Each structure stands twice: as C-alpha cells, then as structure tokens.
Peer 1: 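Quick one: the structure is below, and I'll ask about it shortly.
Since we're looking at a predicted model, the values are computed, not measured. Hydrogens, waters and symmetry mates play no part in the numbers below; they use all other heavy atoms, side chains included. Chain naming here is simple, since letters A, B, ... match the order of the sequence lines and numbering starts at 1 in each.
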Amino acid sequence: GDSVTQMEGPVTLSEEAFLTINCTYTATGYPSLFWYVQYPGEGLQLLLKATKADDKGSNKGFEATYRKETTSFHLEKGSVQVSDSAVYFCALSKETSGSRLTFGEGTQLTVNP
Amino acid sequence: GAGVSQTPSNKVTEKGKYVELRCDPISGHTALYWYRQSLGQGPEFLIYFQGTGAADDSGLPNDRFFAVRPEGSVSTLKIQRTERGDSAVYLCASSGPTGTDTQYFGPGTRLTVL
C-alpha cells in the first residue's frame, strides 16, 4: 500500500539555521503531497501542498518541491525561528482513495535561540 | 468562521466500557474523516464520510469501532468494549467535496483506557 517515510528526529537547530526535513513516498498513481505542522498544544495545520510533479508548495518561508523521479517532497526553510518549533508531518493523498491522508511518523523540530 | 470542534477533549474510561467521541465539522463541509494518532506516531486513517454515508471504513481496526453521521454534519465515533490499546488521540477532519480540498483538523480527543 501507499506509505510515507520521514527522516528520523528529533532535529535541534539554532535560530537562523537552514532546515531540511526529508520525506519520501511510495504510491501508485498520482498522489498529492502535503506538509502538516503541529505546534505545541495545537491541532494539525496544513503548512503547504503540491498536487502534481514539479509543483512547489510554499508558506511562511517553508518550501517543498514535488519530485516524482525521486519520489520525494523534502521540506526546507532558509532561516528558522524559535516559533518554528513543532512536529512536522509529511503526508500524501489520492482522489482514488477518497483523498484520505497517509502520514509519515513526524519529525520533532526544536529551534533554540 | 468556526473550525472543526471535537468533544470531549479528554476521556478517561475503564477497560471494557463503551465510549462515544463527537466531531462537529466546518459548516458546509461534506467530507469528514476520522484518524487515530498514537504517541510518537503520525495519524492513521480510520473512516471517511461523504455526506451521510461511510464511503470508506477500511481503516477501522475491528468491529468494536463504529462511526455514524446521520444528518451529514456531526459525526460520532463509537468504541465498544474498550481495550488499553485503544488509548490514543482521535482526530477528526473535514473538507469540501472535491479531491483536492484541504482537510481541516480538530484539536482531537485524547482517550485513555485504564
């Protein structure tokens, strides 16, 4: 079945450091890809998405590019802030599966001042 | 407007008891999803409604789990004869009817089975 694999965490960075969180997927057909974020004490929020190959999703300084050739959707940010500390989830969905989301295990990011 | 709401926020029960978890989706959203998130894991799909009908219940782990959405809005997830392994955060999400609509998540119900 479909699956998502994220780099193992936790990840600890200093403020203004460059962030990469790796995500690869296995799926038949043409999935849409997502990054969701869960801030401490809050619910899951959509951070960005891409619906077809070579699309780039971006939001709040975060970016991810849908790479079909490497089945990847790595999350990047050029300069992280303390407020970016959260758990990040990579996910996919397919319309043929009712658009239900298949999530990776999540990556805990801590940014220190 | 209001987001997805879930009640209760926390539920503690004893092994063998019956529990109901409620989800109020965003008004007008026709699609509703239930997920379960165990500690340190990503959410796992349980069931999906389009309107009043369960379009896909393939994620329900066994027949102790059941969900309804009788009027196409509020949904209730029902768990019979709870087991300690059912302890998790149960998440609800809603979206518009098309496949590319964003799913909006509620804050979850933390279920603890003693």
Peer 1: For atom OH of A/Tyr39, decide whether the heavy atoms of other residues, nucleotides or ligands shown that lie under 6.0 angstrom number more than 12.
Peer 2: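 Correct, the count exceeds 12.
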Peer 1: Side chain, backbone, both or neither: which part of A/Gln45 has a heavy atom under 4.5 Å from chain B?
Peer 2: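 Neither part.
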Peer 1: Tell me whether the count of non-hydrogen atoms from other residues, nucleotides or ligands lying under 6.0 Å of OH in B/Tyr104 goes above 12.
Peer 2: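 Atom OH in B/Tyr104 is not packed in, count stays at 12 or less.
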Peer 1: Heavy atoms only: give me the nearest B/Tyr33-A/Ser99 pair and the separation to one decimal.
Peer 2: OH-CB, 3.6 Å
Peer 1: Take atom CZ of B/Phe66 as the centre, draw a 6.0 Å sphere, and report whether it contains more than 12 heavy atoms from other residues, nucleotides or ligands.
Peer 2: no
Peer 1: Please identify which of these residues, A/Leu46, A/Leu44, A/Leu101, meets the side chain to side chain contact (heavy atoms under 4.5 Å, CB included) condition with B/Gln103.
Peer 2: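 Checked A/Leu46, A/Leu44, A/Leu101 against B/Gln103; only one passes side chain to side chain contact (heavy atoms under 4.5 Å, CB included): A/Leu101.
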Peer 1: Taking all atoms of both residues into account, what is the closest heavy-atom pair of B/Gln37 and A/Phe89, and its distance?
Peer 2: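 Minimum heavy-atom contact is NE2-CZ, 3.3 Å.
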Peer 1: Is the count of non-hydrogen atoms from other residues, nucleotides or ligands lying under 6.0 Å from B/Glu14 atom CD greater than 12?
Peer 2: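 Not more than 12 within 6.0 Å, no.
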Peer 1: Would you say CD of A/Gln81 has more than 12 non-hydrogen atoms from neighbouring residues, nucleotides or ligands within 6.0 angstrom?
Peer 2: yes
Peer 1: If you measure from OH on B/Tyr48 to CZ on A/Arg100, what distance do you get to the nearest 0.5 Å?
Peer 2: 11.0 Å
Peer 1: Count the heavy-atom pairs under 4.5 Å between each of B/Pro43, B/Gly106, B/Gly40, B/Gly42 and chain A, then report the option with the highest count.
Peer 2: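 Highest number of heavy-atom pairs under 4.5 Å: B/Pro43.
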